[in-house]
There are 2 protein chains.
Amino acid sequence: MKATIYDIAREAGVSIATVSQVINGKGKISEKRRAEIMEIMERLNYQPSAIAAALTGKQTYTLGLLVPDISNPYFAELARAVEDRSRQLGYSVVICSTDNKDERVERYLNLLQQKKVDGMMIGTGIRNAGILTPLLQQSIPFALIARHMPSLAVHTVATDDRLGGALAAQHLLDLGHTRVAVLSEPARVSSSQERLRGFREVLEKAGYTLAPERIRESTAELNAAKAAVLELLGQSAQPTALFCCNDIQAIGALQAAKELNLRVPKELSVIGFDNTILASVTSPPLTTIAQPIEELGRHAVDLLIEELKQERQPARNMILKPWLVVRESTTKAPG
Amino acid sequence: MKATIYDIAREAGVSIATVSQVINGKGKISEKRRAEIMEIMERLNYQPSAIAAALTGKQTYTLGLLVPDISNPYFAELARAVEDRSRQLGYSVVICSTDNKDERVERYLNLLQQKKVDGMMIGTGIRNAGILTPLLQQSIPFALIARHMPSLAVHTVATDDRLGGALAAQHLLDLGHTRVAVLSEPARVSSSQERLRGFREVLEKAGYTLAPERIRESTAELNAAKAAVLELLGQSAQPTALFCCNDIQAIGALQAAKELNLRVPKELSVIGFDNTILASVTSPPLTTIAQPIEELGRHAVDLLIEELKQERQPARNMILKPWLVVRESTTKAPG
DNA sequence: TTGAAAGCGATACCAA
DNA sequence: TTGGTATCGCTTTCAA
């Protein structure tokens with residue numbers, strides 16, 4: 001059986017209170033006793049029960065992270081960043097994939113609460129902000145990553161998606177593209193809507209319009225994206241450039257183009273969003289809008305942990321700047 | 001403050017024991033009481049404390065998963081599979097990235113123990129099998145994914161790496177390649193060594209040899225792999241084909257080839273391993289050995305949970321078959 | 001069908 | 001410096 005604090009105390013001939021002090025480096029214990037007790041803990045391979053400690057109100061040193069899909073490289077890279085920073089600071093992370101379903105978000109939120117995580121980071125879309133109110137009521141610290149809930153006063157770390165969309169549009173305009181199309185994510189993904197908005201604004205300011213039939217939606221799955229793009233390109237008056245709201249979709253676009261024997265970028269320029277590892281390995285390599293993924297993760301963790309230490313901070317809103325990474329999937333408009 | 005079982009009991013005018021029975025659907029409680037208590041729990045937004053329950057010996061319904069790097073798509077896809085299956089079965093998963101360092105593995109192992117996870121899955125390399133003995137002693141169920149510890153009698157789910165290597169070699173031989181090279185992972189990654197072994201065996205059986213200078217090692221990082229391949233290709237008598245022990249390395253190889261103006265597959269055939277999303281998006285798309293990632297994850301979870309239910313099973317060893325996926329990065333040997 | 005009470009393994013306050 | 005003990009929230013006999 002596992003050794004408990006009682007075993008250690010008995011073995012050392014002291015009380016459990018003393019052992020507890022040694023474990024936590026509190027109180028005044030004589031050097032001799034301390035060494036003695038440490039030695040016994042070592043010998044019995046004693047691991048204090050985090051469960052029991054948590055029950056008495058101690059922190060669990062665990063954070064929760066909700067993402068839609070950990071197998072999407074963007075979220076995997078984000079998770080990695082969150083995990084790295086957390087570990088540096090002595091916390092561990094429970095990662096949950098929600099598939100962008102409110103029902104699952106709710107289940108995981110409950111689960112994490114029951115497990116008494118010290119804080120949560122939410123990087124998944126939520127349709128109904130209401131499911132977050134229990135968290136607020138019980139004042140469990142949390143932060144949103146790359147999502148916005150304007151109705152709630154919570155910490156937020158995000159990329160300036162609108163600017164990202166604008167950068168994409170400007171890049172295409174600079175290359176002379178005026179007949180452009182967009183592959184966006186479903187309306188529930190607010191970041192995607194912002195990207196679309198920024199894109200459209202720049203386009204319109206330049207005197208062009210983005211007709212509704214030039215916009216398609218798909219999830220962030222390769223095949224869904226590919227199918228959507230096939231439809232999009234089936235139209236008369238094909239666009240000369242396509243803005244996709246994430247790299248996976250952009251890859252779906254590359255594959256669709258290939259299937260239609262459309263050469264990228266010669267006949268169709270494609271620009272993505274995220275700048276995950278995917279963007280650097282495609283053929284042609286993907287021009288894309290880069291998100292500061294590592295920073296997003298790091299700041300979210302920092303914000304959360306800061307809040308843990310000093311009670312209720314005013315909600316902060318960090319907006320990080322995206323930037324354009326030009327590779328080989330975009331070029332001058334034909335003609 | 002959060003409601004506890006006492007609040008519910010008081011409100012309902014019953015004892016906490018009764019409430020506990022209702023929560024767990026045990027014992028015989030009158031329909032009326034049950035409904036009453038349920039209603040109160042609902043109203044007070046009561047969430048039983050998983051922490052307190054765990055302390056009394058109940059399961060935590062949490063599993064641990066150790067991988068070297070969650071931002072590597074192979075492990076991200078594996079984690080996704082593990083998570084999906086676990087959720088189906090009512091468990092949640094704590095994912096930890098170890099960076100292939102024993103020291104971190106040990107830390108996480110302790111952490112997971114302290115958190116009293118019900119079982120662990122280890123998909124990370126371990127140099128010193130000794131750090132697993134505490135787990136065995138305390139009979140915490142665990143399973144190895146895609147790793148082998150022949151010295152330990154533990155559940156193992158893995159791909160037949162040797163066969164995978166053999167398939168790769170056979171494919172290259174079939175295409176007429178005899179001057180081949182290998183990019184493997186460091187010796188501590190046993191799966192990689194097995195792939196190399198299988199590859200070499202087939203090659204030698206066909207009467208060819210794999211000279212030491214034709215083998216390079218690198219980690220599973222893009223840049224490291226690229227650098228290693230640049231060295232490898234710098235030799236006189238360049239190989240006509242290259243087998244890489246994972247897709248990321250293969251991509252590093254594609255990039256190195258590009259830098260050297262070597263056309264793939266015309267002048268250099270490249271074959272990878274894993275068949276992650278990466279393989280389908282590169283240029284050219286990557287011929288690779290596919291691992292049944294989803295099955296690996298699923299079986300590992302099933303094995304573990306089976307063990308949780310029925311005490312100590314004999315250690316099982318599931319070896320799943322890899323297969324060849326031919327895309328466009330390999331072709332007939334020149335000449 | 002329900003309740004009283006003894007743990008589970010730690011923490012922390014108050015005495016000694 | 002140390003120890004006694006109440007406490008955290010829940011599960012689980014054993015009685016009633």
Side-chain angles (χ1 to χ4, degrees), chain A residues 1-38 40-41 44-62 110-118 138 140, chain B residues 1-38 40-41 44-62 110-118 138 140:
Chain A
M1 217 38 244
K2 238 174 108 58
T4 74
I5 198 172
Y6 291 95
D7 300 322
I8 307 298
R10 189 175 336 107
E11 191 77 8
V14 299
S15 79
I16 61 167
T18 305
V19 178
S20 177
Q21 316 244 69
V22 171
I23 295 170
N24 297 289
K26 289 187 181 171
K28 317 230 148 287
I29 308 291
S30 66
E31 234 350 288
K32 194 168 146 239
R33 269 234 190 301
R34 153 171 272 105
E36 218 172 279
I37 293 175
M38 297 276 264
I40 294 178
M41 296 196 297
L44 269 54
N45 199 262
Y46 168 69
Q47 306 282 358
S49 154
I51 295 281
L55 189 56
T56 70
K58 235 189 154 186
Q59 282 188 45
T60 56
Y61 292 96
T62 308
N110 283 340
L111 186 83
L112 293 173
Q113 255 179 279
Q114 291 183 235
K115 296 238 158 101
K116 226 167 154 300
V117 297
D118 296 331
Q138 293 172 29
I140 296 175
Chain B
M1 216 40 245
K2 239 174 107 60
T4 73
I5 199 171
Y6 290 96
D7 301 321
I8 307 298
R10 189 174 338 104
E11 192 76 9
V14 300
S15 78
I16 60 166
T18 306
V19 178
S20 175
Q21 317 245 70
V22 171
I23 295 170
N24 297 290
K26 289 190 180 168
K28 315 232 147 287
I29 308 291
S30 65
E31 232 352 286
K32 194 168 148 236
R33 271 233 188 302
R34 153 169 273 107
E36 219 171 279
I37 293 175
M38 298 276 262
I40 294 177
M41 295 197 298
L44 268 52
N45 198 262
Y46 169 67
Q47 306 279 2
S49 156
I51 295 283
L55 190 55
T56 70
K58 239 190 150 184
Q59 283 189 44
T60 56
Y61 292 97
T62 308
N110 283 339
L111 186 82
L112 292 173
Q113 256 179 277
Q114 296 186 340
K115 296 239 158 102
K116 224 168 154 298
V117 298
D118 295 330
Q138 293 171 30
I140 295 175

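Letters A, B, ... mirror the listed sequences (proteins, then strands); counts begin at 1.
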Q: Under 4.0 Å between a side-chain N or O of Ser49(B) and OP1 or OP2 of dC10(D)?
A: no
Q: Atom CE of Met41(B) to atom P of dG9(D): distance rounded to whole Å?
A: 17 Å
Q: Looking at the side chain of Ile23(B), which of dG3(C), dT11(D), dG9(C) is the nearest nucleotide?
A: dT11(D)
Q: Between C1' on dG9(C) and CG on Leu44(A), what's the gap in Å once rounded to a whole number?
A: 15 Å
Q: By the 4.0 Å heavy-atom rule, please label Lys28(A) as base, sugar-phosphate, or nothing.
A: base
Q: What nucleotide among dG7(C), dG9(C), dT5(D) has an atom nearest to a side-chain atom of Thr56(B)?
A: dG7(C)
Q: Mind calculating the distance between CD (Gln47(B)) and C1' (dG9(D)) to the nearest angstrom?
A: 14 Å
Q: If you look at every heavy atom in Tyr61(A) and Asp118(A), which pair is closest and at what distance?
A: N-OD2, 2.6 Å
Q: Atom NZ of Lys58(B) and atom P of dT13(D): how far apart are they, to the nearest Å?
A: 13 Å
Q: Reading DNA chain D from 5' onward, which residue's closest nucleotide shows up sooner: Ile16(A) or Pro48(B)?
A: Ile16(A)
Q: Please report the distance, rounded to the nearest Å, between NZ in Lys32(B) and P in dT2(C).
A: 10 Å
Q: Please state how far atom CD1 in Ile8(B) lies from atom P in dG9(D), giving the value in whole angstrom units.
A: 12 Å
Q: Using modelled atom types and a 3.5 Å cut-off, is there a donor and acceptor pairing between side-chain atoms of Asn24(B) and backbone atoms of Gln21(B)?
A: no
Q: Is there a donor-acceptor pair under 3.5 Å between the side chain of Thr60(A) and the backbone N or O of Lys116(A)?
A: yes
Q: Would Lys2(A) and Asp7(A) count as a side-chain contact (heavy atoms from CB on, under 4.5 Å) if you check the C-alpha gap in whole Å, the side-chain angles of each, and the deciding distance to 0.1 Å?
A: CA-CA 9 Å; Lys2(A) 238 174 108 58; Asp7(A) 300 322; over 6 Å; no
Q: Rounded off to whole Å, could you give me the CD-to-C1' distance for the Gln59(A) and dA10(C) pair?
A: 16 Å
Q: Given dG9(D), dG3(D), dT2(C), identify the nucleotide with an atom nearest to the side chain of Arg33(A).
A: dG3(D)
Q: What I want to check is whether an N or O donor and acceptor connect the side chain of Tyr6(B) with the base of dC8(D) at under 3.5 Å.
A: no
Q: Would you tell me if any nitrogen or oxygen in the side chain of Ser20(A) comes within less than 4.0 Å of OP1 or OP2 on dT11(C)?
A: yes
Q: Ala17(B) side chain: which of dG9(D), dG3(C), dT2(D) is closest?
A: dG3(C)
Q: Any side-chain heavy atom of Tyr6(B) sitting closer than 4.5 Å to one from Val19(B)?
A: no
Q: Let me spell it out: for each of Val14(B) and Leu55(B), pick the nucleotide of DNA chain C with the closest heavy atom. Which residue's pick is nearer the 5' end?
A: Val14(B)
Q: For Gly13(B) and for Ala52(B), find the nucleotide of DNA chain C with the closest heavy atom, then tell me which residue's nucleotide is more 5'.
A: Gly13(B)
Q: Starting from C1' on dC8(D), measure out to CD1 on Ile51(A) and report it in whole angstrom.
A: 13 Å
Q: How far apart are the closest heavy atoms of Ile51(A) and Lys115(B), and which atoms are they?
A: CD1-O, 3.6 Å
Q: For a quick test of reading the model: is some side-chain N or O of Lys26(B) closer than 4.0 Å to OP1 or OP2 of dT11(D)?
A: no
Q: OP1 or OP2 of dT2(D) less than 4.0 angstrom from a side-chain nitrogen or oxygen of Ser30(A), does that happen here?
A: yes
Q: Looking at the side chain of Ser15(A), which of dG3(D), dT12(D), dA10(C) is the nearest nucleotide?
A: dG3(D)
